[in-house]
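Heads up, the thing below is written out as structure tokens.
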Amino acid sequence: MSTQNTLKPSERMKIPRQVAAEQQPDARNRNFLEVSYGFDEERALTEAARCIECKNPVCIEGCPVSIDIPAFIQLIYQKDYVGAANKVREMNYLPAICGRVCPQETQCEVVCLLGKKHEPVAIGKLERFVADYEMKSNLFRTPEIQAKRGQKVAIVGSGPAGLTCAAELARLGYEATIFEALHETGGVLRYGIPEFRLPKGILDIEVERVRQLGVTIYRNFVIGRTATIDELFGEWGFEAIFLGTGAGTPNFMGIPGENMIGVYSANEFLTRVNLMKAYRFPEYDTPVKIGKQIAVIGGGNTAMDAVRTARRLGAEHAYLIYRRSRHEMPAREEEIHHAEEEGIEFLLLTNPTRIIGDENKHVKAIECQRMELGEPDESGRRKPVVIKGSEFIIELQTIIMAIGQKPNPIIQATTPGLGVSKRGTVVTDEKQQTSRPAIYAGGDLARGGATVILAMRDGKQASVAIHEYLQSKRETKQDKLFEEVTTNQTA
Amino acid sequence: MFTILEKEPLAPTITKYVIKAPFIARKRKAGNFVIVRVVETGERIPLTIVEGDVERGTITLIVQAIGKTTRLMATKNAGEDLVDVLGPLGNPTPIENHGAVVCVGGGVGTAEMYPITKELKAIGNKVYSIIGGRSRELVVLEKEMREYSDQLFVTTDDGSYGRKGIVTDQLKDLLDTKAEIKAVYAIGPLPMMKAVANLTKTYGVKTYVSLNTIMVDGTGMCGGCRVTVNGEMKFACVDGPEFDAHKIDFDELIMRNRSYIDLERIANERFQEGVKA
């Protein structure tokens, strides 16, 4: 087996960044199979050889969960793919997911020194390669779990934050129990992210591995309704709780006609297709309706997922309507690029003003106005300003609103003393602790709408804080016992 | 798994199910609903909880088989499982002592009215109940409703039982003659609830209705259940399902509930063929 990379840095820099093969746009915009095939072994090895092994690896700082990126890349170079996967898993228990949906281009890859003069190392694709290799070769072994501590922690929500928190706590020896409201696990990874970006079979494997750590998962169990937070502490006997319920409540624009037939929230549309498999109706019972002309409103990743899904369901004209320019879009560059390739028609600097329906309140058109960019706003992005008299009408049958989500209010409303912001997010400190002792929160519930990896970071951060808290609680308990024993003896 | 412990036909197409769901049984209150998925390929549908038995750990659902999913549910027998039952969802019905109230149930809506009637009686209301159906065999829970009502009226569209006519005919008579009535609770098909709302509005009597809308998750995520109440967008699953009937845009809701009527027909026909085969 080869060991160290003996190429000089200048030689490594000459190797071009490897590109993963993809399904052709004309084919993939008619199916739900994964867009990217990922790296084969040869490309992974070539790509791994590009890493110049910096003295001060800034990529690690760029990673929200601080994966030892140069180390796992060197293990790939040495063809120890399982070792590389385990290296990633030391910091992130769900590599097959992160390797697919993480915005590496704004995290680890953007700071890669190679990127200054050349192109950065394809860290994301390498992460996916090791995770996929391990899955295909069936070489995954459940990591060692610390001795059981006999303390119970409840995790609310089985999305990226909850799965990560539960996995980390289970590895530390805690009895972790996840409560999931839906009938399937995964949260936004299941209902939100489409099959063509994250195959559900991959998610199933990752969730199963969390279970193998000894994590119990209750599905069909909505905290705040089936049991309250205070009941989890009381009769259920949990000593700490992590809230990772995400941002599941869709926003609407507040324009006339939004309740007409043919207007969906992106959440409803994606849930019907992804969770309920409406794309396989009538084999599956849940229906979804997509017209020949459709529009998705918004410029984030959810908007891209929705519009690309609509295209796959047969929309001949799939428009993406966004009020700023392409440059200000919050979606990942890769998603925007894929959408363009798949024939999505971008209507930029355009904002809907009203929805027009027929006599049966079925959508038949949308009225929009043109915008131009003005001065920068609080977000630092140039603010879109209406161009007066620029109204125009687009004929269509389906409109999908993807203009953001806010946290679901059920837990906040049923948990006295839990601090909530004006935006409806649960307030936490830097250790993810909420205003109530022993309750922690993270992910979109605390952030209001961010990324999968930041949710994972929060889940992990919370597991560390919960560990500290439960250890000190245990020690205090032992001190008290010791005190009682010694007092009794002297008395 | 959520096992069906008992199954009993109440009327043609209307079936009572007693289902093992101990967590839900402990927490349910009048007006709550559950989301049910019958099989792995199934859709999620909202169904109102009629009763709960904490000791046995069961909930009771009374369901009319009209769509694909409710007909599929009717093929399940005692001892078989429903794959998913989630709840209790929605806000409980606001139960107050108004003095005298009318409880109106139309068709299978009477089953949903029953737990509310029981609680309104328990808190001290004088309860007038009106239960209606297309014909005698579609009038359900008469005995149970009578037990918690000071006076009970039955109407049938065809006159085969009770008063010939619709529930609002009887309701109008009551409102004309009993000034003591301070609130009306009504559950039934949307056109019935709309008619009740229109009638009671002219009398200025506070009216609550429970809305059965299109829903996917039932926890506030999809917004499929959105309804205009007092000019504002509300989600029936988390803001309701009960609302002030005088403020609901019923016409919009009736339209929305017809969103998938063509696809429902496909699903139903396919189911019918499957049954034959």
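Every chain is numbered from 1, with letters handed out A, B, ... down the list of sequences.
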Sorted by number, residues from residues 276-289 of chain A in contact with chain B (heavy atoms, under 4.5 Å): Met276(A), Phe281(A), Pro282(A), Glu283(A), Tyr284(A), Asp285(A), Thr286(A), Pro287(A), Val288(A), Lys289(A)
Between atom CG of Asn220(A) and atom CD1 of Ile35(B), what is the distance when rounded to the nearest 0.5 Å? 10.5 Å
List the steps and the verdict of side chain to side chain contact (heavy atoms under 4.5 Å, CB included) for Glu268(A) and Met215(B). CA-CA 9 Å; Glu268(A) 177 177 5; Met215(B) 246 178 229; over 6 Å; no
Asn408(A) side chain to Thr219(B) backbone, donor-acceptor under 3.5 Å: yes
Between Thr271(A), Leu270(A), Ile410(A), Leu275(A), who has the most heavy-atom pairs with chain B when the cutoff is under 4.5 Å? Ile410(A)
Would you name the heavy atoms of Arg225(A) and Lys27(B) that are closest together and state the gap between them? O-CE, 3.4 Å
Taking atom NZ of Lys29(B) as the centre, does the number of heavy atoms from other residues, nucleotides or ligands within less than 6.0 Å exceed 12? no
Is chain A contacted by the side chain of Ile254(B), its backbone, both, or neither, given a heavy-atom distance below 4.5 Å? neither
CZ (Arg211(A)) with more than 12 external heavy atoms under 6.0 Å: yes
Applying a criterion of heavy atom separation less than 4.5 Å, what residues of residues 42-62 of chain B form contacts with chain A? Gly42(B), Glu43(B), Arg44(B)
Using a cut-off of under 4.5 Å for heavy-atom pairs, which of Gln405(A), Arg272(A), Met260(A), Lys361(A) has the most such pairs with chain B? Arg272(A)
So which residues of residues 12-25 of chain B are in contact with chain A at a heavy-atom cut-off of under 4.5 Å? Phe23(B)
Intermediate values then yes/no, side chain to side chain contact (heavy atoms under 4.5 Å, CB included), Leu182(A) and Asp217(B): CA-CA 7 Å; Leu182(A) 290 173; Asp217(B) 64 290; 4.1 Å; yes
Quick check on Lys152(A): does its NZ atom have over 12 non-hydrogen neighbours (other residues, nucleotides or ligands) under 6.0 Å away? yes
Largest heavy-atom contact set with chain B, pairs under 4.5 Å, which of Glu258(A), His362(A), His183(A): His183(A)
Specify the closest pair of heavy atoms between Cys222(B) and Pro250(A), including all atoms of both residues, with the distance to one decimal. O-CG, 3.9 Å
Checking heavy atoms, do the side chain of Ile266(B), its backbone, both or neither come under 4.5 Å from chain A? side chain
Most chain B-contacting option - heavy-atom pairs closer than 4.5 Å, from Glu235(A), Met401(A), Arg219(A): Glu235(A)
Counting heavy-atom pairs under 4.5 Å to chain A, which of Thr41(B), Leu253(B), Asn32(B) comes out on top? Thr41(B)
Could you measure the distance from the OG1 atom of Thr226(A) to the CZ atom of Arg28(B)? Nearest 0.5 Å is fine. 14.5 Å
Check each atom of Arg37(B) against the heavy atoms of chain A and say whether the ones under 4.5 Å are side chain, backbone, both or neither. side chain
Angle class for the Tyr260(B)/Tyr264(A) ring planes (parallel below 30°, perpendicular above 60°, tilted otherwise)? tilted
Any residues in residues 80-89 of chain B near chain A, with a heavy-atom distance under 4.5 Å, and which are they? Val83(B), Asp84(B), Val85(B), Leu86(B), Gly87(B), Pro88(B), Leu89(B)
Side chain from CB out, backbone as N, CA, C, O: work out which of these in Glu264(B) comes under 4.5 Å of a heavy atom of chain A, or both, or neither. neither
So what's closer than 4.5 Å to chain B heavy atoms on Phe221(A): side chain, backbone, both or neither? both
Could you tell me which non-hydrogen atom of Met221(B) sits nearest to which non-hydrogen atom of Asn267(A), and how far apart they are? O-ND2, 2.9 Å
In Å and rounded to the nearest 0.5 Å, what is the CZ to CD distance from Arg26(B) to Glu231(A)? 6.5 Å
With no hydrogens and no angle check, is any side-chain donor or acceptor of Arg256(B) less than 3.5 Å from a backbone partner on Asn259(A)? yes
